[in-house]
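Below you'll find the structure, written out as C-alpha cells, and then a few comments.
What's counted below: heavy atoms across the whole structure, side chains too, no hydrogens, waters or symmetry copies. In this text the structure is predicted, and so the values were computed from the model without any measurement.
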Amino acid sequence: AITAGELCVPSQLRKMSQSRLFVARLPWSVGKDALKSYFQKFGEVTDAHVVMDRATGKSKGFGFVTFAQETAVEDVLKGSHSIEGRQLALNRAKDNDRPRSPRREQGGFSFGGDSGAPAQQ
C-alpha cells in the first residue's frame with residue numbers, strides 16, 4: 001500500500017522535472033548504464049532511461065537522466081557533449097516528456113461482420 005508520504009505532490013514533480021535532462025541523438029549502442037556512467041561526472045544520477053522501440057527492442061536514440069540536484073543539469077547544459085563520437089542534443093526535460101507506462105492491449109475495432117448478437121428485424 002502507498003502511504004501519503006510516498007505520493008508525489010505537484011511541487012515534488014516540478015522539482016523532479018527541473019533535475020531531469022532530455023538526451024537526444026544517442027548512439028543506438030548506448031544503454032542506460034552507459035548513459036548513467038557518462039553523466040555521473042556532473043553529479044549524482046538517480047535514474048537513467050533509454051527509450052526503446054517496443055517492436056524491435058532497440059534504442060530509439062533518446063533518453064532521460066535524472067540528477068539528485070538541479071545544479072547538475074545546469075552544469076551539463078553549459079557545455080557540449082558526445083558519446084562514442086556522436087554529438088548529443090540536450091535539453092531540460094519537460095513534464096510531458098515523462099516516459100509512459102506500457103500501454104495495455106485493448107483489442108481492435110470491429111467494422112461490420114457478425115458481432116454474435118441476433119439480427120434485429
Side-chain angles (χ1 to χ4, degrees):
I2 296 176
T3 65
E6 294 173 328
L7 295 175
C8 284
V9 294
S11 63
Q12 289 173 317
L13 287 173
R14 195 169 25 261
K15 182 178 180 184
M16 203 162 46
S17 68
Q18 291 172 347
S19 62
R20 284 190 51 165
L21 186 66
F22 172 73
V23 183
R25 295 184 38 87
L26 278 173
W28 289 334
S29 60
V30 172
K32 75 178 209 170
D33 292 336
L35 186 65
K36 182 175 183 176
S37 176
Y38 178 82
F39 284 102
Q40 280 182 329
K41 59 187 162 192
F42 299 98
E44 180 187 350
V45 174
T46 60
D47 185 46
H49 177 77
V50 175
V51 178
M52 308 299 270
D53 183 284
R54 290 184 200 145
T56 66
K58 295 181 181 178
S59 168
K60 286 190 170 187
F62 68 94
F64 300 89
V65 176
T66 305
F67 291 95
Q69 300 294 321
E70 180 183 348
T71 55
V73 174
E74 294 166 6
D75 291 342
V76 169
L77 293 174
K78 289 178 185 174
S80 61
H81 304 275
S82 61
I83 296 179
E84 296 180 7
R86 185 172 179 125
Q87 188 73 32
L88 303 177
L90 305 172
N91 286 302
R92 192 177 296 273
K94 300 175 192 164
D95 288 336
N96 61 348
D97 288 338
R98 285 211 155 284
R100 294 176 186 92
S101 301
R103 293 181 187 149
R104 294 188 326 232
E105 293 298 323
Q106 303 228 348
F109 293 98
S110 176
F111 297 100
D114 182 19
S115 66
Q120 294 184 0
Q121 297 180 356

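Ring geometry for Phe67 versus Phe39: interplanar angle over 60°, hence perpendicular rather than tilted (30 to 60°). Using a 30° and 60° split on the angle between ring planes, Tyr38 and His81 fall in the perpendicular class, above 60°.
Rounding to the nearest 0.5 Å gives a distance of 13.5 Å between OG of Ser59 and NZ of Lys32. Distance check, rounded to the nearest 0.5 Å: CZ of Arg20 to NZ of Lys94 gives 12.5 Å. Taken to the nearest 0.5 Å, the OG atom of Ser29 stands 12.0 Å off from the NZ atom of Lys58.
Nearest approach of Leu26 to Gly63, heavy atoms of both residues: CD1-N, 3.9 Å. Of all heavy-atom pairs spanning Val50 and Gly31, the tightest one is CG2-C, 3.6 Å. Closest heavy-atom contact between Ala72 and Phe42: CB-O, 3.4 Å. The two atoms that bring Glu84 and Val30 nearest to each other are OE2-CG2, 3.8 Å, heavy atoms only. Nearest heavy atom pair, residue Ser80 against residue Gln87, reads CB-NE2, 3.1 Å. The shortest heavy-atom contact between Arg86 and Arg25 is NE-O, 2.9 Å.
Between Asp33 and Lys36, no side-chain nitrogen of the basic residue sits less than 4.0 Å from a carboxylate oxygen of the acidic one, so the salt-bridge criterion is not met.
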Exercise for the section: Tell me, with the steps shown, if Phe64 and Val51 meet side-chain contact (heavy atoms from CB on, under 4.5 Å). Expected result: CA-CA 8 Å; Phe64 300 89; Val51 178; 4.0 Å; yes
Practice task
Decide yes or no on side-chain contact (heavy atoms from CB on, under 4.5 Å) for Leu77 and Leu21, but give the supporting numbers first.
Solution key: CA-CA 9 Å; Leu77 293 174; Leu21 186 66; 3.8 Å; yes
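A continuous path of hydrophobic side-chain contacts links Leu88 to Met52 [ILVMFWY only; heavy atoms under 4.5 Å].
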